[in-house]
Asker: 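If you scroll down you'll find the structure; I have some questions about it.
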Amino acid sequence: MLLIYITCVSGDLSVIFLVRTEPSLHTPMYFFISTLAATEMMFVTSIIPNLLANLIAGKNRISFIGCFTQLFVTDTLGAAQCYFLAVMAFDRNLAISNPLHYTSIMTQTLCVQLAILPWIVGIIYVSIPFIFTAMLDFCGPNEVNHFFCDFAPLQSLACSDPFIAQVLASSAALFAVALPFIITVGFYIHIIIIIAKINSAESKQKAFSTCSSHLTVAGLDYLTSITVYVVPKGSRYDRYLALIFTFITPLLNPFIYTFRNKDVKRALFKSRRLKLCQGSF
């Protein structure tokens, strides 16, 4: 767990540092990639350190306030991640469908606004079921059947009727996961239609290469999130599926953006050559 966490945080920090320091990566696409990497890093940090502390100490405890804080933070960041992927799909769609006006439309102000939007949406979607869950009476069982605090395992511990809170949590999951997934699929269908109309094979390959890394990351994130939060609850495999999008997907994403992206690989080799030259002097 510790090795996965260190690798994940190091990978995300490397992506952020590379995008910030390399002038060739100062584009909207890489701005969104670095913002997604920062969100992902905060997401794993809200879960793994507490899990590690429990595993090492063997106490398996979290305070009531700490549990609800973790619930709000993790679900907000998770929803924000899903909408970041939709924003990135919109960016790629605009770049491919309207390349001549792309730079004039996708200004720095619009990029910042689009980067803030997923956070606002995430906070709104999570706040309503969070408030109703916090209003439930917790007077009996206190063992959370999960490795972090989430809506379903917490609501199952309530002494009062959690029906309304459960309906609101399920509705929020649909809007936080399924809706951005549909938006992303819609943008990529449009992208594929546009690319199919391109005559040049080289231009087609270039257009697909700019989208391949994002499509891979989006597929991993949406597949695991939809399986856990949108399909009917109660499976004993829920925790194992949650483990995938909590640990495995954030671990793989920085490597996908690095090894499946020519611009990032070029920037990495360039910075490496620069360090070697500086070292020789």
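Side chains are part of it too, since the values below use all heavy atoms of this structure and drop only hydrogens, waters and symmetry mates. If you're wondering where the values come from, they're calculated on a predicted model, not measured in any experiment. For reference, positions follow the sequence shown, starting with 1.
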Asker: Spell out, as yes or no, whether a donor-acceptor pair under 3.5 Å connects the side chain of D161 to the backbone of F163.
Answerer: yes
Asker: Can you establish whether the number of heavy atoms outside F175 located under 6.0 Å from its atom CZ is more than 12?
Answerer: no
Asker: Is L223 reachable from I182 through a run of I, L, V, M, F, W or Y residues, each pair having side-chain heavy atoms under 4.5 Å apart?
Answerer: no
Asker: Just wondering, are more than 12 heavy atoms of other shown residues or ligands nearer than 6.0 Å to CD1 in I164?
Answerer: no
Asker: Hey, could you give me the CG/OH distance between L179 and Y83, rounded to the nearest 0.5 Å?
Answerer: 4.0 Å
Asker: Please check this pair: side chain of Q70 against backbone of S46, looking for a donor-acceptor N/O pair closer than 3.5 Å.
Answerer: yes
Asker: With a 3.5 Å cut-off and no angle check, do the side chains of N93 and Y188 form a donor-acceptor pair?
Answerer: no
Asker: Distance-only, no hydrogens or angles: does the S160 side chain make a donor-acceptor pair with backbone N or O of D137 under 3.5 Å?
Answerer: yes
Asker: Flag yes if L85 and V228 sit in one hydrophobic cluster, no otherwise; membership is Ile, Leu, Val, Met, Phe, Trp, Tyr, and two members link when side-chain heavy atoms are under 4.5 Å apart.
Answerer: yes
Asker: How are the rings of F68 and F138 set relative to one another: parallel (under 30°), tilted (30 to 60°) or perpendicular (over 60°)?
Answerer: perpendicular
Asker: Looking at F72, I'd like to know if its CZ atom is crowded, meaning that more than 12 non-hydrogen atoms belonging to other residues, nucleotides or ligands lie closer than 6.0 Å.
Answerer: yes
Asker: For a quick check under 3.5 Å, do T76 and Y125 share a side-chain donor-acceptor pair by atom type?
Answerer: no
Asker: Test your reading of the model: is there a side-chain donor-acceptor pair from Q155 to the backbone of A165, 3.5 Å cut-off?
Answerer: yes
Asker: Do Y229 side-chain atoms and L174 backbone N/O form a donor-acceptor pair below 3.5 Å?
Answerer: no
